[in-house]
Visitor: 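Provided herewith is a single structure, encoded as structure tokens, for subsequent inquiry.
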Amino acid sequence: MRLLTHNMLSSNIKGVANGFPLRIEIEKVVEKQVDFNADFLRNMFPKIEWKALVGAAHTLGYVELPEEVEPSRLDSEDFLRKFHHALLELHLEEGALVCPETGRRFPVSKGIPNMLLHEDEV
């Protein structure tokens, strides 16, 4: 699961008010090379919750992203390459995503998060 996906997911358990960002528990992380596309990154930037991305990247061991960022940084290829690496090339292959409010674990297997809810959580 890419950090792009992680940045879009939240816990939808009934009654949960604060289901984002999901905490990451790591069993296996892999890096998969993806073609660099600066225009894609510039278009995605406004949709990304930056603090959540930085926290997730740190959890996966990547500390090259700044804690805060201004849109003017999108003109820097060095910044865009770091953003690209964190967003698209780091993959949580095995582990879990954990609801910050309830502690409910959603397993990630072969890079696919299982966000299905139990009957009493709907």
Side-chain angles (χ1 to χ4, degrees):
M1 177 194 70
R2 294 177 176 157
L3 293 186
L4 171 62
T5 303
H6 172 264
N7 204 269
M8 305 292 168
L9 293 175
S10 65
S11 175
N12 290 316
I13 297 172
K14 178 176 61 177
V16 168
N18 181 28
F20 180 86
L22 296 165
R23 192 175 81 249
I24 297 174
E25 292 181 354
I26 301 170
E27 290 178 25
K28 181 180 178 185
V29 174
V30 296
E31 292 186 24
K32 298 180 181 179
Q33 195 158 15
V34 176
D35 290 339
F36 179 75
N37 183 331
D39 289 333
F40 173 78
L41 296 167
R42 288 185 189 103
N43 288 327
M44 284 306 299
F45 180 79
K47 299 171 179 71
I48 297 297
E49 174 59 48
W50 190 257
K51 186 176 178 182
L53 176 63
V54 171
H58 283 185
T59 299
L60 271 56
Y62 187 68
V63 296
E64 297 296 317
L65 295 176
E67 293 294 326
E68 295 181 14
V69 67
E70 297 296 321
S72 63
R73 295 284 303 266
L74 295 174
D75 294 330
S76 163
E77 183 168 340
D78 181 56
F79 168 75
L80 286 175
R81 290 208 176 266
K82 291 175 182 177
F83 180 36
H84 165 83
H85 182 70
L87 196 66
L88 300 173
E89 294 184 331
L90 297 176
H91 288 252
L92 177 64
E93 199 67 18
E94 300 291 333
L97 303 175
V98 182
C99 175
E101 190 171 312
T102 66
R104 163 75 148 82
R105 296 178 81 250
F106 297 96
V108 176
S109 179
K110 298 178 184 167
I112 301 170
N114 180 350
M115 301 297 291
L116 293 175
L117 300 177
H118 299 294
E119 198 172 300
D120 62 335
E121 296 173 325
V122 181

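In what follows, residues are counted from 1 in the order of the sequence shown.
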Visitor: Under the salt bridge (charged side-chain N to carboxylate O under 4.0 Å, His left out) rule, what pairs show up with a residue in residues 93-105, not counting sequence neighbours?
Guide: Glu25-Arg105, Lys32-Glu93, Arg104-Glu121

Visitor: For Asp39, which residues count as a salt bridge (charged side-chain N to carboxylate O under 4.0 Å, His left out) partner, sequence neighbours excluded?
Guide: Arg42

Visitor: Please tabulate, for the side chains in residues 7-17, all donor-acceptor contacts under 3.5 angstrom to protein atoms that are two or more places apart in sequence or on a different chain.
Guide:
residue	atom	partner	partner atom	Å
Asn7	OD1	Glu49	N	2.9
Asn7	ND2	Glu49	O	3.0

Visitor: Does His91 have any side-chain hydrogen bond (donor to acceptor under 3.5 Å, both in side chains) partners at least two apart in sequence or in another chain, and if so, which?
Guide: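 Counting only residues at least two positions away or on another chain, His91 forms no side-chain hydrogen bond (donor to acceptor under 3.5 Å, both in side chains).
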
Visitor: My understanding is that only residues two or more places apart in sequence, or in another chain, count here; which of them pass salt bridge (charged side-chain N to carboxylate O under 4.0 Å, His left out) with Arg73?
Guide: none

Visitor: Restricting to side-chain hydrogen bond (donor to acceptor under 3.5 Å, both in side chains), what partner residues turn up for Glu27, sequence neighbours left out?
Guide: none

Visitor: Below 3.5 Å, can you tabulate the donor-acceptor pairs from side chains in residues 59-71 to any protein atom, sequence neighbours excluded?
Guide:
residue	atom	partner	partner atom	Å
Thr59	OG1	Gly55	O	3.0

Visitor: When you compare the side chain of Leu90 with that of Glu31, does any pair of heavy atoms fall below 4.5 Å?
Guide: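 Glu31 reaches Leu90 side chain to side chain.
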
Visitor: Should Leu41 and Leu74 count as side-chain neighbours, where that means a heavy-atom distance under 4.5 Å?
Guide: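 No. Closest side-chain heavy atoms not under 4.5 Å.
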
Visitor: Considering non-hydrogen atoms only, spot the tightest contact between Leu22 and Pro100 and give its length.
Guide: CD2-CD, 4.1 Å

Visitor: Taking the side chain as C-beta and beyond, is there a heavy-atom pair between Leu88 and Met44 under 4.5 Å?
Guide: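 No. Closest side-chain heavy atoms not under 4.5 Å.
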
Visitor: So, for His6 and Pro21, which heavy atoms are closest and what is the spacing to 0.1 Å?
Guide: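 Result for this residue pair: CE1-CB, 4.4 Å.
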
Visitor: Filter on ring-ring contact (aromatic ring centres under 6.0 Å, His included), then keep only pairs touching residues 15-44, sequence neighbours left out; what's left?
Guide: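 Qualifying pairs, neighbours excluded: Phe36-His84.
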
Visitor: With sequence neighbours excluded, tell me which residues meet salt bridge (charged side-chain N to carboxylate O under 4.0 Å, His left out) with Asp78.
Guide: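 Partners of Asp78 under the salt bridge (charged side-chain N to carboxylate O under 4.0 Å, His left out) test: Lys82.
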
Visitor: What residues form a salt bridge (charged side-chain N to carboxylate O under 4.0 Å, His left out) with Glu77, not counting sequence neighbours?
Guide: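 Glu77 satisfies salt bridge (charged side-chain N to carboxylate O under 4.0 Å, His left out) with Arg81 only.
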
Visitor: Flag the pair Leu4 / Leu53 as yes when at least one side-chain heavy-atom distance between them is below 4.5 Å, and no otherwise.
Guide: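 Result no, sub-4.5 Å side-chain heavy-atom pair not found.
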
